[in-house]
**Student:** 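One structure, as structure tokens, below. Some questions next.
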Amino acid sequence: MIQKVLKNGECYQNRDVEILGTKYVVCYAPFYQENTNQPVGMIFLGTPRANVSAIINEIRLQMLIVIAVVLFVTTLFLIRVINGMINGLASGMKVLQKLSEGDLTAEADTAILNRTDEIGMLGKEIICTGKRCRRRYPDHRNQPD
């Protein structure tokens, strides 16, 4: 340590130094006289390792809480998005099922038609298909097979 600090002018750090029976995290830094490049002494900086561990554990706990909250909020958001997709697809499938059974009066839910995503596009195409079928088979409007 003396070689590194006083002769080489480097800082020395150690996380496992025992001083009077207590473990310390320490740093010895070179101390220079004004206008020189040669260290004339060293400064000791140290704190008990238990204090450092307590601070680190507290930060870890805070980070764990933040991660858990973000994970929870993200999960709720994803559940909401996925349920919206599933409900939109299920509603579209009901209209398709009615059309396939011959009920040409089937209409899609307006919530599907107002969507701007692919599910909304699918709902609009289902409605167009129903309209085309009604034009092609005007006498077969409400007569399921």
Side-chain angles (χ1 to χ4, degrees), residues 1-136 141-142 144-145:
M1 176 215 24
I2 293 173
Q3 174 75 24
K4 188 173 184 178
V5 177
L6 293 179
K7 295 196 177 168
N8 297 342
E10 300 174 10
C11 287
Y12 171 79
Q13 297 177 356
N14 193 334
R15 294 188 176 124
D16 195 30
V17 173
E18 188 171 325
I19 301 174
L20 300 175
T22 302
K23 297 281 186 175
Y24 278 79
V25 175
V26 300
C27 176
Y28 291 92
F31 181 75
Y32 297 94
Q33 188 172 355
E34 197 172 317
N35 299 324
T36 67
N37 291 352
Q38 187 64 29
V40 293
M42 66 176 108
I43 299 172
F44 168 79
L45 303 167
T47 188
R49 193 166 71 182
N51 292 358
V52 174
S53 294
I55 292 169
I56 291 171
N57 289 338
E58 184 178 331
I59 291 170
R60 282 181 181 163
L61 179 62
Q62 290 171 355
M63 291 303 295
L64 182 63
I65 290 170
V66 168
I67 290 169
V69 168
V70 168
L71 183 62
F72 180 73
V73 169
T74 303
T75 301
L76 289 179
F77 175 75
L78 287 176
I79 288 172
R80 181 178 164 95
V81 167
I82 291 170
N83 280 339
M85 291 169 48
I86 290 171
N87 292 339
L89 288 172
S91 180
M93 290 303 297
K94 286 179 187 174
V95 174
L96 276 176
Q97 185 176 11
K98 287 180 182 179
L99 288 173
S100 72
E101 292 171 351
D103 183 0
L104 301 182
T105 62
E107 292 288 332
D109 186 8
T110 56
I112 293 176
L113 300 176
N114 292 334
R115 292 178 68 139
T116 57
D117 60 358
E118 288 80 3
I119 295 172
M121 291 175 12
L122 179 65
K124 290 171 188 157
E125 291 301 319
I126 291 170
I127 293 302
C128 288
T129 301
K131 287 179 182 177
R132 285 186 204 114
C133 287
R134 283 192 290 275
R135 279 195 305 256
R136 183 167 281 188
R141 285 185 184 266
N142 206 1
D145 293 340

**Student:** Restricting to non-hydrogen atoms, name the atom on Gln38 and the atom on Leu6 that form the minimum distance, rounded to 0.1 Å.
**Tutor:**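 Heavy atoms of Gln38 and Leu6 come nearest at NE2-O, 3.8 Å.
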**Student:** Rounded to the nearest 0.5 Å, what separation is found between the CD1 atom of Ile127 and the CG atom of Leu99?
**Tutor:**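 Separation between the atoms: 7.5 Å.
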**Student:** Rounded to the nearest 0.5 Å, what separates atom OH in Tyr24 from atom CG in Asn51?
**Tutor:**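 It is 8.5 Å, given to the nearest 0.5 Å.
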**Student:** Decide yes or no for Met85 and Glu118: does some side-chain heavy atom of the first lie under 4.5 Å from some side-chain heavy atom of the second?
**Tutor:**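 A side-chain contact is absent here, since even the closest heavy-atom pair is not under 4.5 Å.
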**Student:** What are the two closest non-hydrogen atoms of Glu10 and Pro30, and how far apart are they?
**Tutor:**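 Glu10 and Pro30 have their closest heavy atoms at O-CD, 3.7 Å.
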**Student:** Just by modelled atom types, is the Asn87 backbone N or O under 3.5 Å from a matching donor or acceptor in the Ser91 side chain?
**Tutor:**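 No, Ser91 side chain to Asn87 backbone: no donor-acceptor pair under 3.5 Å.
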**Student:** Main chain of Ala50, side chain of Ser53: is a donor-acceptor contact present, judged purely on distance under 3.5 Å?
**Tutor:**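 No; zero donor-acceptor contacts below 3.5 Å.
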**Student:** If I compare all heavy atoms of Leu113 with all of Lys124, which pair ends up nearest, and what's the gap?
**Tutor:**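 Between these two residues, the closest heavy atoms are O-CE, 3.0 Å.
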**Student:** Measure the NZ-NZ distance between Lys98 and Lys94 for me, rounded to the nearest 0.5 Å.
**Tutor:**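 Result: 8.0 Å between the selected atoms.
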**Student:** Can you tell me how far the OG1 atom of Thr74 sits from the CD1 atom of Ile79, to the nearest 0.5 Å?
**Tutor:**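 With rounding to 0.5 Å, OG1 (Thr74) is 11.0 Å from CD1 (Ile79).
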**Student:** Just wondering, more than 12 heavy atoms not from Phe77 lying within 6.0 Å of its CZ?
**Tutor:**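 No, CZ of Phe77 has 12 or fewer neighbouring heavy atoms, counting only those of other groups under 6.0 Å.
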**Student:** To check you understand the geometry: which heavy-atom pair defines the closest contact between Val5 and Pro39, and what is its length?
**Tutor:**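 Heavy-atom minimum between the residues: O-CG, 3.8 Å.
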**Student:** Under the side-chain contact (heavy atoms from CB on, under 4.5 Å) test against Ile59, which residue among Leu61, Ile56, Ile55, Asn57 passes?
**Tutor:**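 The single option meeting the side-chain contact (heavy atoms from CB on, under 4.5 Å) with Ile59 is Ile55.
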**Student:** Would you say Asn37 and Tyr32 make side-chain contact, with heavy atoms under 4.5 Å?
**Tutor:**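 Result no, sub-4.5 Å side-chain heavy-atom pair not found.
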**Student:** How far does CG of Leu96 sit from CD of Glu125, to the nearest 0.5 angstrom?
**Tutor:**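 CD of Glu125 is found 11.0 Å from CG of Leu96.
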**Student:** Of the non-hydrogen atoms in Arg15 and Arg49, which two are nearest, and what is the gap between them?
**Tutor:**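 Looking at all heavy atoms of both residues, the shortest contact is O-CD, 3.2 Å.
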**Student:** Quick one: pull up CD1 in Ile119 and CD1 in Ile112 and give me the separation to the nearest 0.5 Å.
**Tutor:**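 Rounded to the nearest 0.5 Å, the CD1-CD1 separation comes out at 8.0 Å.
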**Student:** Identify the heavy atoms of Ile126 and Gly92 that sit nearest to each other, and give their distance.
**Tutor:**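 Closest approach of Ile126 to Gly92: CD1-O, 3.5 Å.
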